[in-house]
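A short worksheet on the structure shown next.
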Amino acid sequence: MRRRERSRQRRERERTEPTFRDLLEEIGVRPSKALGQNFLHDTRIVQRIAEVADLGPDDLVVEVGPGLGILTRELARRAGTVIAVELDTRLADHLRESLDAENVRIVEGDILDLDLAELVGKRPYHVVANLPYSVAAAVIEHVLESDHRPGRMVVMVQREVAERIVARPPEMSVLAVAVQFYAVPRIAFRVGPGAFVPRPRVDSAVLRLDINPNPPLSGAERAAFFTLVRAGFSQRRKRLANALADALDLPKSVVEERLTAAGIDPDRRAETLSVEEWLAMQRSFGAHPSEVD
């Protein structure tokens, strides 16, 4: 049965891929490996993404990189309004001509350059997207660091990136700490290469981020928190006290004292710390970590 199913999927893929390739050629778009452009063509995956997003008829959705619009159409059927942000002029023009949905607005531009509050008119919103591999982490961080964050994000990313984001100690990274500071992430499901044109060499995963409307820190304290995180990860092979002392230009004795006050062993390494421990460290170091009392 599994062999029959694989054969059926292969035949379906062979019927589907030329259609997408022909359309891309007609538009004049050649998928860029450098940009990680892989166009989703599997309608079953599209429906599963929309189900994970849990949209209602009054919801506003921002889609990043709509491409040929296969996900856009499904979002338009489920949500009240869809704002699709497309960087490529040719794809944006194609979407304007081909999409027959009054509740979709195409915005041509780079999401990393856009003010999200202005984009959505300061309305509540969600983000749903199949993100290009090359900018996935940057887009997630841009959205989470915005002053007007969404209620949730549902994004397709490279499987390795998704696993880094949901990691727990002792496998944390700057990306994991940054995302988990703002949101509770989980991998909804994984996606094989056959769902895309062209086929990538790696697996993908759909990631759902339920975003905390009130992050644990703000202002100078939040800035201090991320200063400490970046400093701690700046030399991952070193013990935490050494990495912080070097990056913050502080005496090692001062750093060790503040770590101990936060309940953290100075000999630990950055990847072993949870977000809660980084928060405790920030409280110990204060709003100006590099200053000596």
Side-chain angles (χ1 to χ4, degrees), residues 9 13 16-17 20-21 24 29-53 61-72 74-75 84-88 91 110-112 126-145 150 152-211 229 233 236 271:
Q9 291 175 350
R13 186 168 63 246
T16 306
E17 289 193 7
F20 272 72
R21 292 184 185 279
L24 288 169
V29 173
R30 177 174 295 180
S32 169
K33 290 184 180 180
L35 296 178
Q37 286 182 320
N38 302 95
F39 294 87
L40 181 63
H41 70 73
D42 191 323
T43 56
R44 294 166 300 178
I45 300 299
V46 166
Q47 291 169 358
R48 291 185 69 186
I49 292 172
E51 288 168 2
V52 171
V61 179
V62 173
E63 182 187 8
V64 181
L68 294 173
I70 184 172
L71 177 58
T72 315
E74 186 65 28
L75 296 176
V85 181
E86 177 54 59
L87 177 62
D88 192 300
L91 289 171
D110 187 340
I111 190 67
L112 299 177
H126 307 298
V127 172
V128 183
N130 170 31
L131 295 175
Y133 289 160
S134 62
V135 296
V139 170
I140 292 171
E141 290 182 1
H142 175 69
V143 173
L144 293 179
E145 291 172 358
R152 60 182 167 273
M153 298 180 71
V154 176
V155 291
M156 180 110 71
V157 298
Q158 188 174 336
R159 179 176 174 177
E160 180 184 348
V161 172
E163 291 175 346
R164 284 174 56 204
I165 286 173
V166 302
R168 309 301 296 175
E171 298 178 348
M172 297 292 281
S173 64
V174 173
L175 180 61
V177 174
V179 172
Q180 292 175 31
F181 175 86
Y182 289 107
V184 177
R186 68 176 176 89
I187 294 176
F189 61 93
R190 293 169 175 79
V191 182
F196 302 90
V197 175
R199 291 167 62 92
R201 295 181 178 179
V202 296
D203 287 344
S204 301
V206 172
L207 190 67
R208 172 164 167 155
L209 308 179
D210 290 294
I211 297 169
V229 171
F233 280 97
R236 297 185 62 162
E271 60 266 29

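Predicted model only: the values in this text are computed from it and were never measured.
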Straight-line distance of [X] [atom1] to [Y] [atom2], nearest 0.5 Å:
X: E63; Y: L71; atom1: CD; atom2: CG; answer: 4.5 Å
X: E86; Y: L68; atom1: CD; atom2: CG; answer: 9.0 Å
X: H126; Y: D210; atom1: NE2; atom2: CG; answer: 10.0 Å
X: I140; Y: I165; atom1: CD1; atom2: CD1; answer: 4.0 Å
X: I45; Y: F189; atom1: CD1; atom2: CZ; answer: 5.0 Å
X: R186; Y: R208; atom1: CZ; atom2: CZ; answer: 5.5 Å

Would you name the heavy atoms of [X] and [Y] that are closest together and state the gap between them?
X: A195; Y: L40; answer: O-CD1, 3.4 Å
X: L209; Y: P185; answer: CD2-CB, 3.2 Å
X: G67; Y: F39; answer: CA-CE2, 3.9 Å
X: V143; Y: P150; answer: CG1-CD, 3.4 Å
X: M172; Y: R236; answer: O-NH2, 3.3 Å
X: D42; Y: R44; answer: OD1-N, 2.9 Å

Notebook entry, point to check: Where the side chain of R159 meets the backbone of V202, is there a donor-acceptor pair that is under 3.5 Å apart?
Noted result: no
Next item on the list: Give a yes or no answer on whether the side chain of N38 reaches the backbone of V197 with a donor-acceptor pair at less than 3.5 Å.
Entry: no
Item checked: D110: partners by side chain to side chain donor-acceptor pair (under 3.5 Å), with sequence neighbours left out ->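 Side chain to side chain donor-acceptor pair (under 3.5 Å) check on D110 returns nothing, list empty.
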Can you name the residues that form a side-chain contact (heavy atoms from CB on, under 4.5 Å) with [X], not counting sequence neighbours?
X: E74; value: V46, Q47, A50, R77, R78
X: A138; value: L112
X: P170; value: T272
X: A162; value: V157, I187, A205, L207

Notebook entry, point to check: Under the ring pair (Phe, Tyr, Trp, His ring centres under 6.0 Å) test, which residues partner F233, sequence neighbours left out?
Noted result: W278
Decide yes or no for [X] and [Y]: does some side-chain heavy atom of the first lie under 4.5 Å from some side-chain heavy atom of the second?
X: R190; Y: D203; value: no
X: M156; Y: F196; value: yes
X: V155; Y: V64; value: no

Note to self: Listing request: all side chain to side chain donor-acceptor pair (under 3.5 Å) pairs with a residue in residues 164-181, at least two apart in sequence or in separate chains.
What the structure shows: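 Those involving residues 164-181 are R168-Q180.
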